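Right, one structure below, let's go through it.
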Amino acid sequence: MEKRLFSSPSQRISLRFREVSVDLLTDFLINLNKRNKDNLDSLSKCSGKFRDRRLMEYIFLMTKELRLDPLTGYHAIELLQRFMVKHLTDLLTTPTPHGAAADPPRSYEEAIFAKLKEKFLLIIFSCVQLASKLSLHSHIIDNNTAVRFLHSVGHNVSKQTVLESELLVLKGLEFRLNAPNPLTYVEILLEVLGHNEPSISVERLYHLCHHVLQFVTLQRTAIFESLLVTTIQHVSPSTEQREKFVAVTEDYMLLGVGVIAVAAFVHYVTIWKQIVGELSHMTGISRRSISDFAYVTLIHIVKPSA
């Protein structure tokens, strides 16, 4: 595809759907589905551990301050999750340095976490910076901009330090940066929905889907906890049930159709079941699963703040 389904923020309103051929959309959907299944088949025990609400909110605020495309923020979250799991695994499985064995048993691990804490902000920024370089419609965060921004938030670093951090993340990810993210799934699924159901103005759904996706991302823990309880129909899930449910929390195809279903309920409530049926047909995800996801999300949206 020569351009993203949606261009820069200022151009999105004028860009029409259905400009992409059906064959190309089919290829995109098949590819996303395969990558989603591959990801679910290779989940680590640490999956989702670096999707803390405060951390993700920080990344969203950072991308907004730097005037980056929202896609950059979601991509940065994926890079950070993958990097931190790999980096910590490597650090904690490396043989203890000579002489460290005489220290208290947990001192080596504590030293690792203490050192990591010192450079964690810079690692987060490096993930955002790398994500910006992969977006054709966002301006790239060069090292001058990086240093100025980091100085503005009280983190005095040199260009050399920024480069070293970026290289650390690149090596940790083995230079594999093309990770699918939730917004990509939502955009592709919306485009397919627009082709399959021309009577539905998916342009109306697009902006609301952005807000819903961000809400779900920030309220991830609470929403999936409610979805787990709804699924097993028991208020106290067992450890085994929680472990099995991890795959659901990492299923981006489910997340994509769930977000669209929530937006569709707001704009097209009279034909909502028809839209859910089409989303089910597109992805193979059951109507019940899509409806349950939409239901618990809507409950959290309308629930008064504590």
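In what follows, every heavy atom counts, from backbone to side chain, and hydrogens, waters and symmetry copies are set aside. Note that this is a predicted model, so its numbers are computed, not measured. The first residue in the sequence is number 1, and the count goes up from there.
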Examine L61 and I59 and state if one hydrophobic cluster contains both, with Ile, Leu, Val, Met, Phe, Trp and Tyr joined whenever side-chain heavy atoms are less than 4.5 Å apart. no
Side-chain contact, heavy-atom cut-off 4.5 Å: L40 with N36? yes
Does Y295 have any ring-ring contact (aromatic ring centres under 6.0 Å, His included) partners at least two apart in sequence or in another chain, and if so, which? none
As a quick check of understanding, evaluate side-chain hydrogen bond (donor to acceptor under 3.5 Å, both in side chains) for Q129 and N143, giving each step before the final call. CA-CA 9 Å; Q129 187 175 17; N143 290 331; 3.3 Å; yes
Which atom of S158 lies closest to which atom of V147, heavy atoms considered: C-CG2, 4.1 Å
Kindly check if the number of other-residue, nucleotide or ligand heavy atoms within 6.0 Å of NE2 (H281) is above 12? no
Rounded at 0.5 Å granularity, tell me how far CD1 in I260 sits from CD in E187. 10.0 Å
Would you name the heavy atoms of A146 and I141 that are closest together and state the gap between them? N-CG2, 4.1 Å
Does K119 reach the side chain of L168, with side-chain heavy atoms less than 4.5 Å apart? yes
Gap separating the CG atom of L24 from the CZ atom of F28, nearest 0.5 angstrom: 5.5 Å
Under 4.0 Å between a side-chain nitrogen and a carboxylate oxygen: does that hold for K37 and D41? no
CG of D52 to CG of L218: how many Å apart, nearest 0.5 Å? 10.5 Å
Closest heavy-atom pair and its distance - F293, T297: O-OG1, 2.8 Å
Compare every heavy atom of L66 with every heavy atom of F149, then report the nearest pair and how far apart it is. CD1-CD2, 3.7 Å
Could you tell me whether the side chain of R242 reaches within less than 4.5 Å of the side chain of E225, counting heavy atoms only? yes
If only atom types and distance count, is the side chain of T161 paired as donor or acceptor with the main-chain N or O of V157 below 3.5 Å? no
Side-chain donor or acceptor of S291 paired with backbone N/O of R288 under 3.5 Å: no
Where do E278 and Q274 land on the side-chain hydrogen bond (donor to acceptor under 3.5 Å, both in side chains) test, with the steps shown first? CA-CA 6 Å; E278 181 56 39; Q274 174 188 335; over 6 Å; no
Donor-acceptor contact below 3.5 Å, side chain H155 vs main chain L122: no
Quick one: does Y185's side chain have a donor or acceptor within less than 3.5 Å of a partner on L32's backbone? yes
Without swapping roles, check the side chain of T63 against the backbone of F60 for a donor-acceptor pair under 3.5 Å. yes
Can you classify the ring geometry of F120 versus F50 as parallel (below 30°), tilted (30 to 60°) or perpendicular (above 60°)? tilted
When you compare the side chain of V248 with that of T231, does any pair of heavy atoms fall below 4.5 Å? no
Of all residues at least two apart in sequence or in a different chain, which pass the side-chain hydrogen bond (donor to acceptor under 3.5 Å, both in side chains) check with R35? none
Given the rule in the side-chain contact (heavy atoms from CB on, under 4.5 Å) test, do N31 and D27 qualify, once you have shown the distances and angles that lead to the verdict? CA-CA 6 Å; N31 180 57; D27 289 342; over 6 Å; no
Test side-chain contact (heavy atoms from CB on, under 4.5 Å) on L130 and V169 and set out the steps. CA-CA 9 Å; L130 286 170; V169 174; 3.6 Å; yes
Other residues, nucleotides and ligands only: do more than 12 of their heavy atoms fall within 6.0 Å of CD on E164? yes
Non-hydrogen side-chain atoms of L190 and L205 separated by less than 4.5 Å: yes
Under 4.0 Å between a Lys/Arg side-chain N and an Asp/Glu carboxylate O for E250 and R220? yes
Can you tell me if T72 uses its side chain to pair, donor with acceptor, with the backbone of L68 under 3.5 Å? no
Please name the pair of heavy atoms, one in A261 and one in W272, separated by the smallest distance, quoted to 0.1 Å. O-NE1, 2.8 Å
If we ignore hydrogens and angles and just use 3.5 Å, is the side chain of Y268 paired with the main-chain N or O of S201 as donor and acceptor? yes
For D142 and T145, does a side-chain donor sit closer than 3.5 Å to a side-chain acceptor? yes
Backbone N/O of H211 and side chain of Q214: donor-acceptor pair under 3.5 Å: no
Rounded to the nearest 0.5 Å, how far apart are NZ of K34 and CG of N39? 11.5 Å
Y206 vs H210 aromatic rings, parallel, tilted or perpendicular, using cut-offs 30° and 60°? perpendicular
Single-linkage hydrophobic cluster I299~V269, side-chain heavy atoms < 4.5 angstrom: yes
T184 vs N181, test: side-chain hydrogen bond (donor to acceptor under 3.5 Å, both in side chains). Steps then yes/no. CA-CA 6 Å; T184 299; N181 67 78; 3.3 Å; yes
Closest non-hydrogen atom pair, Q241 against L228: O-CD1, 4.3 Å
Walk me through whether V216 and L255 qualify under side-chain contact (heavy atoms from CB on, under 4.5 Å). CA-CA 9 Å; V216 174; L255 177 60; 3.7 Å; yes
Is the closest side-chain heavy-atom distance between M282 and L189 below 4.5 Å? yes
Does the distance from a Lys or Arg side-chain N to an Asp or Glu carboxylate O, for R82 and E78, drop under 4.0 Å? no
Taking H75 for the side chain and N178 for the main chain, is one N or O donor matched with an acceptor at less than 3.5 Å? no
Distance col, row Q219:CD vs S226:OG, nearest 0.5 angstrom, shows 10.0 Å
Decide whether V266 and I301 are clustered together by the hydrophobic rule: side chain heavy atoms of Ile, Leu, Val, Met, Phe, Trp, Tyr closer than 4.5 Å, transitively. yes
K86 vs E174, side-chain contact (heavy atoms from CB on, under 4.5 Å): CA-CA, chis, key distance, verdict: CA-CA 10 Å; K86 176 71 163 53; E174 298 177 336; 4.1 Å; yes
Should T217 and P182 count as side-chain neighbours, where that means a heavy-atom distance under 4.5 Å? no
Under a 4.5 Å cut-off applied to non-hydrogen side-chain atoms, are L80 and R51 in contact? no
Please determine whether residues I30 and I285 belong to a single hydrophobic cluster, defined as Ile, Leu, Val, Met, Phe, Trp and Tyr linked transitively by side-chain heavy-atom distances below 4.5 Å. no
Between E166 and K159, does any NZ, NE, NH1 or NH2 come within less than 4.0 Å of an OD or OE carboxylate oxygen? no
In this structure, would F215 and F265 fall into the same cluster of hydrophobic residues linked by side-chain contacts under 4.5 Å? yes
Interatomic distance, CG@L227 vs OG@S289, rounded to 0.5 Å, equals 8.0 Å
